[in-house]
Amino acid sequence: MKLFDSHAHYFDKRLDEIGGADVVLRNEVFGGCVERVINVGTNNQNNILCIEQASRYEGMYAAVGIHPEDADFAKLDVEKEISVLADIIGDKATKREKKIVALGEIGLDYHFEGLDKALQADFFHAQMKLASELDIPVIIHDRDAHGDCFETVLKYPSVRGVFHSYSGSAEMASELIKRGWYISFSGVATFKNASRVREVISRIPTERLLIETDAPYLAPHPHRGKVNHSGLMKYTAEAIAEVKGITPERLSEITYDNASELFEII
């Protein structure tokens, strides 16, 4: 298999529990069957770290954005942070030099009580507008906010991207796919209690399917609860391939090509 992990966070300190990001990337990720990884930022501080890490590995690329939780919990200033984000991305040549292939992780997260949904929405809209201006794909975080996330992306018809670690309905996925979006699934697809996720997977056309780890989180069975990394994505590939009735090797080939097309990586 040649795997493309479309969503991971290698700046995360939790990776120190298993030797650190560089050790894991050398030995378990690029030393195995993983060929490409999108290293996804969540705020303007770790966006810089994502870019720095991507510069050290041929197969790693960066996505930069402001996660709804980061914006909400820290009560960030929208205008200031979006200005900094735009400067980080730069023009087309700078973006290519920095290996930035997407704007993300952005979206909405309604999981916790007491959230500032208005602030999250302001950041989401501002980053969708920026993505439209820069003609760059986006990576969407949607946690317990399916309707609002869907309605928001509909307001930016020129923007395309992926809903990562998808947890919405098959019907919403179908509407997104009609509009050119991709749907990505993580290690959750391997969980015994995730029959609903596998049902959605069964209804996703393979040409719009991506796979990911969300490392260091959401480790697949039989490593559930442990620190995740891209080398464990083979379990996710095997589970999804079984649902789709194809071999893991064929699934990895399809999702590799899909991710390469979305993120415009030759």
Side-chain angles (χ1 to χ4, degrees), residues 1-10 12 14-15 18 21 24-25 27-40 59-61 63 102 104-105 139-143 161-170 173 176-177 181-263 265:
M1 287 192 288
K2 64 171 188 178
L3 295 169
F4 193 138
D5 185 352
S6 64
H7 194 110
H9 306 284
Y10 279 100
D12 197 298
R14 193 178 176 198
L15 289 156
I18 54 173
V24 172
L25 286 164
N27 298 335
E28 305 291 344
V29 179
F30 296 123
C33 59
V34 180
E35 293 196 10
R36 289 176 174 173
V37 174
I38 305 298
N39 198 23
V40 183
M60 179 177 277
Y61 301 83
E105 169 177 2
I139 298 172
I140 302 295
H141 172 99
D142 169 18
R143 191 180 189 192
V162 56
F163 271 61
H164 102 91
S165 194
Y166 189 75
S167 60
S169 67
L176 288 166
I177 289 166
W181 286 76
Y182 291 81
I183 309 296
S184 181
F185 295 92
S186 64
V188 173
T190 70
F191 297 172
K192 292 180 180 179
N193 62 347
S195 57
R196 182 174 176 273
V197 170
R198 288 187 287 274
E199 169 61 24
V200 174
I201 291 171
S202 72
R203 297 169 63 179
I204 301 291
T206 54
E207 65 267 20
R208 289 291 161 178
L209 182 64
L210 301 183
I211 55 176
E212 62 172 273
T213 58
D214 202 16
Y217 306 99
L218 301 180
H221 177 79
H223 299 276
R224 185 175 183 179
K226 298 180 181 179
V227 177
N228 196 13
H229 60 77
S230 304
L232 298 179
M233 197 167 63
K234 62 183 180 181
Y235 296 103
T236 302
E238 289 168 357
I240 294 176
E242 183 177 1
V243 172
K244 302 303 289 182
I246 58 178
T247 66
E249 290 76 17
R250 179 58 181 151
L251 180 86
S252 69
E253 180 182 349
I254 291 170
T255 53
Y256 184 98
D257 290 344
N258 291 346
S260 298
E261 179 177 0
L262 171 62
F263 298 117
I265 302 172

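In what follows, every heavy atom counts, from backbone to side chain, and hydrogens, waters and symmetry copies are set aside.
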Listed by chain and number, what are the side-chain hydrogen bond (donor to acceptor under 3.5 Å, both in side chains) partners of Asn39, not counting sequence neighbours? Gln53
Of all heavy-atom pairs between Gly161 and Leu262, which one has the smallest distance, and what is that distance? CA-CD1, 3.9 Å
Atom of Ala173, atom of Tyr166 and distance for their closest heavy-atom approach: N-OH, 3.1 Å
Filter on ring pair (Phe, Tyr, Trp, His ring centres under 6.0 Å), then keep only pairs touching residues 199-227, sequence neighbours left out; what's left? His223-Tyr235
Set of residues satisfying salt bridge (charged side-chain N to carboxylate O under 4.0 Å, His left out) with respect to Arg196, sequence neighbours excluded: none
Keeping Thr190 on the side-chain end and Thr236 on the backbone end, is there a donor-acceptor pair under 3.5 Å? no
Would you name the heavy atoms of Ser230 and Thr213 that are closest together and state the gap between them? CA-CG2, 3.6 Å
Those residues that, when tested against Tyr10, pass ring-ring contact (aromatic ring centres under 6.0 Å, His included) (two or more places apart): none
When rounded to the nearest 0.5 angstrom, what distance separates CD1 in Ile204 from CG in Leu176? 9.0 Å
Taking only residues two or more places apart in sequence, or in another chain, which ones meet Phe263 in a ring-ring contact (aromatic ring centres under 6.0 Å, His included)? none
Can you sort out the partners of Arg203 under salt bridge (charged side-chain N to carboxylate O under 4.0 Å, His left out), two or more places apart, ordered by chain and number? Glu171
With Asn258 via side-chain hydrogen bond (donor to acceptor under 3.5 Å, both in side chains) - residues at least two apart: none
Which value, rounded to the nearest 0.5 Å, describes the distance between Leu232 atom CG and Glu28 atom CD? 7.5 Å
Once ring-ring contact (aromatic ring centres under 6.0 Å, His included) is applied, do any residues pair with His229, and if so which ones, sequence neighbours excluded? none
Any donor and acceptor pair, going by atom type alone, linking the side chain of Glu35 with main-chain N or O of Gly59 inside 3.5 Å? no
Residues in side-chain hydrogen bond (donor to acceptor under 3.5 Å, both in side chains) contact with Asn228, at least two apart in sequence or another chain: none
Out of curiosity, Leu218 CG to Glu212 CD, how far, rounded to the nearest 0.5 Å? 8.0 Å
Are the side chains of His9 and Asp214 in contact, using a 4.5 Å heavy-atom criterion? yes
Under the side-chain hydrogen bond (donor to acceptor under 3.5 Å, both in side chains) test, residues paired with Arg198 that sit two or more places apart: none
In terms of heavy-atom contacts, Ala189 and Ala239 come closest through O-CB, 4.2 Å
Heavy atoms of Ser169 and Val200 approach each other most closely as C-CG2, 4.3 Å
Go through the structure and list residues passing salt bridge (charged side-chain N to carboxylate O under 4.0 Å, His left out) with Glu261, not counting sequence neighbours. none
Do the side chains of Val29 and Asp5 get nearer than 4.5 Å, heavy atoms only? no
Which residue pairs pass the side chain to side chain donor-acceptor pair (under 3.5 Å) test with at least one member in residues 237-253, sequence neighbours excluded? Arg250-Glu253
Take the angle between the ring planes of His141 and His164 and call it parallel below 30°, perpendicular above 60°, tilted in between. tilted
Quick one: closest heavy-atom pair of Phe185 and Ile240, and the distance? CB-CD1, 3.9 Å
Roughly how far apart are Ile211 CD1 and Ser186 OG, rounded to 0.5 Å? 11.0 Å
